[in-house]
Amino acid sequence: MDIHKITDSLNNAQHQAVTAPSQAVLVLAGAGSGKTRVLVHRIAWQICQHNVSPHSILAVTFTNKAAKEMRGRIEQLINVPTQNLWIGTFHGIAHRLLRRHAAQAHLPDTFQVMDSSDQLRVIKRILNTLNMDDKTYPPREMQWYINAQKDEGIRAKDIIPYDDPNELQRLQVYESYEALCHRSGLVDFAELLLRAYELLRDNAELLEHYQQRFRHVHVDEFQDTNTIQYAWLRLLTKDKDNLFIVGDDDQSIYGWRGAKIANMFRFQQQYPNHQVIKLEQNYRSTSNILKAANVVIAKNQGRMSKELWTTTGDGELISVYTAFNEQDEAHFVIERIRAWIKSGNKRSETAILYRSNAQSRQFEERLMATGIPYRVYGGLRFFDRAEIKNALAYLRLLSNRHDDASFERVVNTPTRGIGAKAIDDLRQIAREHNVSLWTAATRLNSRAVAGFLQLIHSLSEQAEGLELCDKVELVIKTSGLMDFHQKDKDKGEEKIENLAELVNAAKLFYFDVGNEENLSELESFLTHASLESAEQQGDEAEDCVQLMTLHSAKGLEFNLVFLVGMEEGLFPSGQSVDDVARLEEERRLCYVGITRARAQLYLTYAESRRLYGRETYPRPSRFLRDIPEELVQDVRMQTRVRTTYSTTREEPKVRNAYPSTAPKPVPSSSIARGAYATGQKVSHIKFGAGVVVSCAGEGDKASVIVNFRNVGVKQLMLAYAKLDVL
DNA sequence: CTGACGAACTTTTTT
DNA sequence: AGTTCGTCAG
């Protein structure tokens with residue numbers, strides 16, 4: 001194996017990281033500095049240079065996509081079989097451990113993983129049985145509570161509720177939930193991690209075994225680890241310091257779901273012999289973009305210092321566009337994209353990034369009207385669809401009759417005359433005798449219920465010996481799901497297609513017998529469905545404009561990026577502004593957003609925006625003001641010169657590149673009144689400079705609403721207020 | 001069981 | 001505004 005192939009292409013810092021001695025290493029990797037590269041080459045280096053068997057290497061990521069990419073790149077780099085290499089998500093690895101040692105983890109061999117919507121259903125049901133009002137105890141909050149406890153490694157038995165009645169109630173739910181999961185052989189996502197941690201913690205020989213086995217442990221996106229993930233890593237590596245972590249404190253954007261940047265500091269304390277290597281050279285963006293990113297993030301306190309730089313030139317200035325309202329914003333963005341595509345660029349190289357999903361609509365509408373193909377990220381995933389979950393629930397019942405969540409899901413889907421009453425009875429029996437719903441059903445005297453049991457029995461018999469995909473097909477057809485979903489008025493066709501797609505997915509499913517010794521093919525497929533649902537998204541092949549939240553943009557890059565809705569209250573989110581820590585996370589989010597852009601970055605905001613059915617007049621985001629003027633070009637200012645305010649109805653369908661060569665279309669809501677129109681820059685003796693956002697009334701009663709730069713929105717009567725047109 | 005209506009929401013999301 | 005969720009009547 002050619003070692004040079006592994007090290008030659010690296011810069012100094014990368015080289016240092018890849019070839020660092022086997023001790024704890026923290027690679028502080030800025031955006032676009034080649035962190036995946038370092039991980040991949042580090043692993044390759046160990047295998048080739050130090051003859052480390054792939055069998056003794058563990059690499060943990062957060063997403064399946066990242067895991068897959070890493071494995072692919074290692075295989076590409078070195079010609080060594082990597083089946084023995086453990087690369088996977090925290091959840092995937094935890095799951096694997098639990099399968100191997102199910103008994104020691106106190107789990108049945110047939111345990112199944114439940115996703116968050118399954119979990120929510122179970123919790124709802126528990127609230128119900130406990131007779132708890134779901135107004136005072138919203139199921140979502142209970143779910144959040146339980147997961148938060150598990151993320152911190154806290155079991156119900158560890159909680160001392162003191163005298164707080166609320167806490168007592170929540171504890172009761174947590175306990176019942178644990179009991180039900182245990183009885184049904186169900187494991188939620190947080191449980192996977194906690195259980196895997198406890199497995200190692202409580203089984204000395206097992207821990208010893210894995211400590212011996214994994215000579216090198218690697219972690220990607222370390223800043224996103226939560227308490228239990230850290231604890232688990234710590235168990236595995238504490239005596240050997242063989243932990244190689246890559247992360248960027250500035251890109252920690254998941255604090256709200258338990259990620260702890262503090263883990264990076266904890267690492268430094270608990271692995272005193274560690275080495276820190278900073279990757280600061282950026283290979284993605286122009287210098288101007290990096291400067292802006294650096295300035296924005298510099299305002300955060302307590303960072304591990306790090307500053308991105310590049311050898312490529314300044315590049316274009318960052319463009320800021322001030323829109324009248326959200327429609328104008330969308331219009332502007334889409335026109336720019338249109339011009340960009342027209343000059344020969346790929347649609348998939350441009351992205352519209354927003355803080356919240358609700359913002360996508362305006363852009364979608366415009367794109368649709370313009371006929372530009374686009375793709376919105378973050379919708380329902382394939383395995384999350386109701387029809388798919390129904391089919392999977394039948395399959396789960398085939399493999400485990402006592403899976404209460406699945407039982408309840410399909411016992412009356414399609415409807416077979418088992419109403420709320422019958423289900424209540426079942427629950428009653430189940431609770432009294434502490435048995436599963438299935439067992440309860442065998443004791444209930446009901447024709448309909450007996451019919452359901454019979455159906456499952458017969459499906460089970462018929463499925464015997466069939467290929468996986470034939471099993472799936474059998475279940476879908478025989479259970480009546482096919483007919484049931486076909487009846488859906490407007491979505492029937494789509495649902496049938498999805499079910500067909502599920503059969504197809506089963507056909508394509510690769511069952512790795514060697515790796516899943518304890519699992520049947522069906523069980524393995526079901527696990528795959530819960531644990532890897534994300535990757536099943538449709539055709540990425542088509543060249544599409546990309547629309548997504550800032551969160552989902554992490555890790556991606558585009559030549560042309562629009563960061564839209566740069567307004568106080570939106571971004572930073574109104575819910576974060578009064579909390580320093582949350583505001584810092586918003587700022588990191590902004591940093592993430594800016595660093596997605598390779599060549600060109602647009603920041604846009606609207607002076608007036610319809611939000612929750614009301615007209616709001618937000619002020620420009622503080623992040624916008626942080627970026628120094630010399631890096632920015634105000635797109636609107638350029639336009640101003642050419643704009644005629646009297647432009648009214650006949651807004652031309654703009655053909656030219658907008659806005660530099662075309663007159664700025666005035667949004668229909670904007671009506672000229674005398675000298676004032678929305679968008680007009682004005683100046684007031686007392687309030688200073690501002691922009692007209694709305695006009696009303698005529699003659700003496702004419703008034704305008706002005707958004708002043710320094711004092712915010714004011715309504716002024718034209719008859720009294722002295723306004724100067726700028 | 002379906003459909004209709006009204007109330008209550010409304011940051012971010014992977015596993 | 002728009003969506004989702006729960007309740008109620010048919």
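Keep in mind the model is a prediction, meaning the values are calculated, not measured. Throughout, a chain's letter reflects where its sequence line sits, starting with A, and its residues are numbered from 1.
For the pair A:L120 CG and B:dT15 P, the interatomic distance rounds to 19 Å; values are reported in whole Å. Counting to the nearest Å, the P atom of B:dT15 and the CZ atom of A:F189 are 8 Å from each other. B:dT15 atom P lies 10 Å from atom NZ of A:K68, rounded to whole Å. When the C1' atom of B:dT11 is taken as reference, atom CG of A:L570 falls 10 Å away, rounded to whole Å. In this structure, A:I87 atom CD1 and B:dT15 atom C1' are separated by 18 Å, rounded to whole Å. Rounded to an integer number of Å, the gap from CG of A:D579 to C1' of B:dT11 is 14 Å. As rounded to whole Å, 17 Å separates atom P of B:dT14 from atom CG of A:L192. Distance CE (A:M548) to P (B:dT14): 12 Å, rounded to an integer number of Å.
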Tabulated below should be each protein N or O lying under 3.5 Å from an N or O of nucleotides 8-10 of chain B; please produce it.
none

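The existence of a salt bridge linking A:R361 and A:E326 is excluded, since no basic side-chain nitrogen approaches an acidic carboxylate oxygen closer than 4.0 Å. No salt bridge links A:E69 with A:K65; every basic N to acidic carboxylate O contact stays at or beyond 4.0 Å. Salt-bridge check for A:R610 with A:E615: passed, with a basic side-chain N closer than 4.0 Å to an acidic carboxylate O. Electrostatic pairing of A:R588 and A:E585 counts as a salt bridge here, judged by a charged N lying under 4.0 Å from a carboxylate O. Between A:D115 and A:K389, at least one side-chain nitrogen of the basic residue sits less than 4.0 Å from a carboxylate oxygen of the acidic one, meeting the salt-bridge criterion. The existence of a salt bridge linking A:K150 and A:E178 is excluded, since no basic side-chain nitrogen approaches an acidic carboxylate oxygen closer than 4.0 Å.
In terms of modelled atom types and a separation under 3.5 Å, the side chain of A:D404 and the main chain of A:L437 share a donor-acceptor contact.
The aromatic rings of A:H528 and A:F525 sit parallel, their planes meeting at an angle under 30°, below the 60° perpendicular limit.
Against DNA chain B, the stretch residues 250-261 of chain A makes heavy-atom approaches under 4.0 Å through A:Y254, A:W256, A:R257.
Taking atom C1' on both nucleotides, C:dT3 is separated from B:dT14 by 24 Å, rounded to a whole Å. Annotation: B:dT12 and C:dC5 have their P atoms spaced 15 Å apart (nearest Å).
Contacts between chain A and DNA chain C, taken as any atom within less than 4.0 angstrom of a protein heavy atom, begin and end at C:dA1 to C:dT3.
In this structure, A:R99 satisfies the cation-pi test against A:F111, with its NZ or CZ atom closer than 6.0 Å to the six-membered ring centre and inside 45 degrees of the ring normal.
Nucleic acid contact class of A:N357 (heavy atoms, under 4.0 Å, all strands): sugar-phosphate only. Within the 4.0 angstrom heavy-atom criterion, base atoms lie near A:S573. As judged by a 4.0 angstrom heavy-atom cut-off over every strand, A:D384 is placed among residues making no nucleic acid contact. Nucleic acid contact for A:R614: none, since no nucleic acid atom lies under 4.0 Å from a heavy atom of the residue.
A sub-4.0 Å separation between OP1 or OP2 of B:dT15 and a side-chain N or O of A:N147 is absent. Proximity of A:T549 to the phosphate of B:dT13: a side-chain N or O atom is located under 4.0 Å from OP1 or OP2. The shortest distance between the side-chain N/O atoms of A:S552 and the OP1/OP2 oxygens of B:dT13 is below 4.0 Å. The phosphate of B:dT14 has neither OP1 nor OP2 within less than 4.0 Å of any side-chain N or O from A:N64.
Closest to the side chain of A:S356, from the set B:dT15, B:dT12, B:dC1, is B:dT12. Considering only side-chain atoms of A:R582, the nucleotide from B:dT13, B:dT15, B:dT11 that sits closest is B:dT11.
Remark: A:R303 CZ is packed, more than 12 non-hydrogen atoms of other residues, nucleotides or ligands lying under 6.0 Å away.
Exactly one of A:F623, A:Y354, A:Y605 qualifies for a ring pair (Phe, Tyr, Trp, His ring centres under 6.0 Å) with A:F571. That residue is A:F623. Of the options A:R257, A:K554, A:K260, a side-chain hydrogen bond (donor to acceptor under 3.5 Å, both in side chains) to A:D224 is made by A:K554 and by none of the others.
Here the shortest heavy-atom pairing between A:A196 and A:A94 reads CB-CB, 3.6 Å.
A residue-by-residue look at A:H551 and A:S530 shows that A:H551 has its nearest nucleotide of DNA chain B further toward the 5' end.
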